Amino acid sequence: MSHFVSPEDPLRDDQPAYAAAFEGWLAAGPAAFRDAARPIVSSERRAAATRELMRTLFDDGWSRYGWPTPAGGLGGDIMHRAAMWEALARHGLPTMAMFEHLEILAPTLVAMGRPAFVAQVLPTFLRGQECWSQGFSEPDAGSDLASLRTRAVPIDGGHVITGRKIWTSWAGYARWCLVLARTGSVEDRHRGLTAFAVDLRSPGVEVRAIGQANGTDELAEVTFDGVPVGPDRVIGDLGGGWRVAMHILSHERGTFAWFRHCLLQGYLSGALETGSPAGAPEFGSPAGDGALGQAVLDLAAVRAASYAGLRAQAADAPLGVRAPFVKLLLCAAERSLNDWVLESDPTLALGVGDDHAAVAWQEYLFSRIVTVYGGSQQMQLDTIAKQVLRLP
Ligand SMILES: Cc1cc2nc3c(=O)[nH]c(=O)nc-3n(C[C@H](O)[C@H](O)[C@H](O)COP(=O)(O)OP(=O)(O)OC[C@H]3O[C@@H](n4cnc5c(N)ncnc54)[C@H](O)[C@@H]3O)c2cc1C
């Protein structure tokens, strides 16, 4: 039952009151939250539990704050979303799973999508019914994104897309993919790109899961063979795909760190309370103290930097060069937290424990690749070298 009753909703303009009310909802221990907060090893079952949580959060109104009313939200801004995810993580939610794109892609969809299309897809995304994926990288275009070759050719009533994307997170679970495709020539580089929302159920789309070392199937390869896309599915302007991509990446490299760090902080606090990251009764060694100290410091650094990013975003200020610094701090925190986890319980690597241990090991392995997604660590350093230090 929604607590939302009136268009004069006081929680919309009072984010601390919203946070307090949401805390009360969580303290009552709703079943959908309890199910999603358990350690779940199977990606499919984790996805189902997270979908159910998202449905409940939407139906009860909580996840609609922070999104504009014409798009199906209840108003407010990113600070509402920041408070919701922080509380969920503090109470033990281990992952946003495929809903991480709510904080990576959705802000750009809302800012640059056709309003009628956004009003159609944002509520189904928020409610956990339809997920999104991000089709940027290709087998020969990762760091050098401007060299991508997937083509969108104009036809009567839209475009036809042909090409191949790789490392597409959550495509196996998603209904939609935000595809960056070439509408100009290869020589046009970043000026010849357009962003399209492609329905992955269309004929001509094939999604093939990529098995990962940690046993999950987040990543996929997606091929598009003559897939028609209507004009209402263009995000931003024709030929304006680079602007769309930069808008998305500024979230993925900047404000997303807040949401991800909340989960890491929740993981750390939960581990300290229960005795160990994997829930075993005994842990802790003097050798682990240094690693724990490093993790705490790194988490504090990413918290401070990403909070400043949230405030900037709430004030409609550009994140600019703040984004690569925040991304680097997040990578450091992911790694040092998981270094501590493994130091605390090296048996995790043997894979003989319970679900707690299996999920801890999955997270450890994932922390080894975080320096790649959203633009590699080297590329963030490159941006800082050029844009801040003005190195040649
Ligand atoms: C977990 C995960 C999730 C991902 N999810 C998505 C997704 O949802 N959608 C999507 O489109 N992509 C996704 N990616 C892909 C990711 O964005 C690319 O892997 C990344 O941009 C690097 O591209 P690449 O793999 O082609 O490596 P390359 O670009 O080939 O780089 C290889 C190495 O060379 C270095 N390098 C390359 N160019 C330079 C340079 N100019 N200066 C210095 N060093 C350089 C890189 O840092 C890297 O170490 C994901 C990746 C991971 C690991």
Side-chain angles (χ1 to χ4, degrees), residues 26-54 56 85-100 128 169-170 172-173 209-219 259-296 298-299 333-370:
L26 271 174
F33 178 77
R34 280 201 313 275
D35 283 350
R38 285 175 298 136
I40 305 176
V41 183
S42 142
S43 307
E44 238 169 71
R45 285 197 294 116
R46 192 182 303 169
T50 317
R51 275 186 202 276
E52 183 55 22
L53 173 63
M54 294 309 296
T56 309
W85 288 110
E86 185 181 34
L88 289 169
R90 191 160 15 82
H91 282 258
L93 188 74
T95 174
M96 294 161 87
M98 64 243 192
F99 294 97
E100 66 191 15
S169 294
W170 310 116
Y173 295 89
I210 301 172
Q212 288 165 241
N214 71 351
T216 63
D217 62 358
E218 167 184 336
L219 297 174
F259 303 93
R260 180 73 196 159
H261 113 278
C262 288
L263 299 167
L264 300 176
Q265 183 67 55
Y267 186 30
L268 175 67
S269 309
L272 291 173
E273 270 167 33
T274 60
S276 93
E282 288 174 28
F283 89 112
S285 66
D289 289 351
L292 175 58
Q294 189 61 52
V296 170
D298 287 343
L299 275 168
E334 294 252 10
R335 283 186 167 241
S336 57
L337 176 62
N338 281 284
D339 286 343
W340 167 69
V341 167
L342 191 60
E343 271 197 36
S344 303
D345 186 356
T347 65
L348 291 177
L350 298 176
V352 291
D354 59 7
D355 286 357
H356 272 288
V359 170
W361 182 235
Q362 279 183 351
E363 286 297 315
Y364 175 83
L365 289 174
F366 184 77
S367 74
R368 303 301 102 175
I369 53 168
V370 292

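Worth knowing before you read on, the calculation uses all heavy atoms, side chains too, and leaves out hydrogens, waters and symmetry mates. Index from 1, following the sequence. A quick note: this is a predicted structure, and the numbers were derived from the prediction, not measured.
- If you take CD1 on Ile40 and CG on Asp355, they are separated by 9.0 Å, rounding to the nearest 0.5 Å.
- Pairing each heavy atom of Asp217 with each of Gln212, the nearest pair is C-OE1, 3.8 Å.
- Looking at heavy atoms from C-beta onward, Thr50 lies in side-chain contact with Phe99 at the 4.5 angstrom threshold.
- Judged by distance alone, the side chain of Gln265 and the main-chain N or O of Leu299 form no donor-acceptor pair under 3.5 Å.
- A pairwise comparison of heavy atoms in Ala295 and Ser336 identifies CA-OG, 3.5 Å as the closest pair.
- Using a 4.5 Å heavy-atom threshold, the side chains of Glu218 and Tyr173 count as separate.
- Contacts classified as side chain to side chain donor-acceptor pair (under 3.5 Å) and involving residues 29-40 (residues at least two apart or in different chains) are not found.
- When all heavy atoms of Ala89 and Cys262 are compared, the pair lying nearest together is CB-O, 3.2 Å.
- For the pair Asn338/Arg368, a side-chain contact is recorded, criterion being any heavy-atom separation below 4.5 Å from C-beta on.
- The CD atom of Glu100 sits 9.5 Å away from atom CH2 of Trp85, with the distance rounded to the nearest 0.5 Å.
- The distance from atom CZ of Phe33 to atom NE2 of His91, rounded to the nearest 0.5 Å, is 7.0 Å.
- Residue Pro94 comes nearest to Ala36 through the heavy atom pair CD-O, 3.5 Å, listed as atom of the first residue, atom of the second, then distance.
- Counting all heavy atoms, side chain and backbone alike, Arg46 lies closest to Val359 at NH2-CG2, 4.1 Å.
- Of the N and O atoms on the side chains of Ser367 and Glu334, not one donor lies less than 3.5 Å from an acceptor on the other residue.
- Checked for salt-bridge contact, Arg260 and Glu363 meet the test: a charged N lies under 4.0 Å from a carboxylate O.
- Side-chain contact between Asn214 and Trp361 is absent, with no heavy atoms from C-beta onward closer than 4.5 Å.
- Exactly one residue among Val341, Leu268, Leu337, Asp339 makes a side chain to side chain contact (heavy atoms under 4.5 Å, CB included) with Leu292. That residue is Leu268.
- With Gln362 contributing its side chain and Gly215 its backbone, the two residues share no donor-acceptor pair below 3.5 Å.
- With 3.5 Å as the limit, one finds a donor-acceptor pair spanning the side chains of Ser344 and Trp340.
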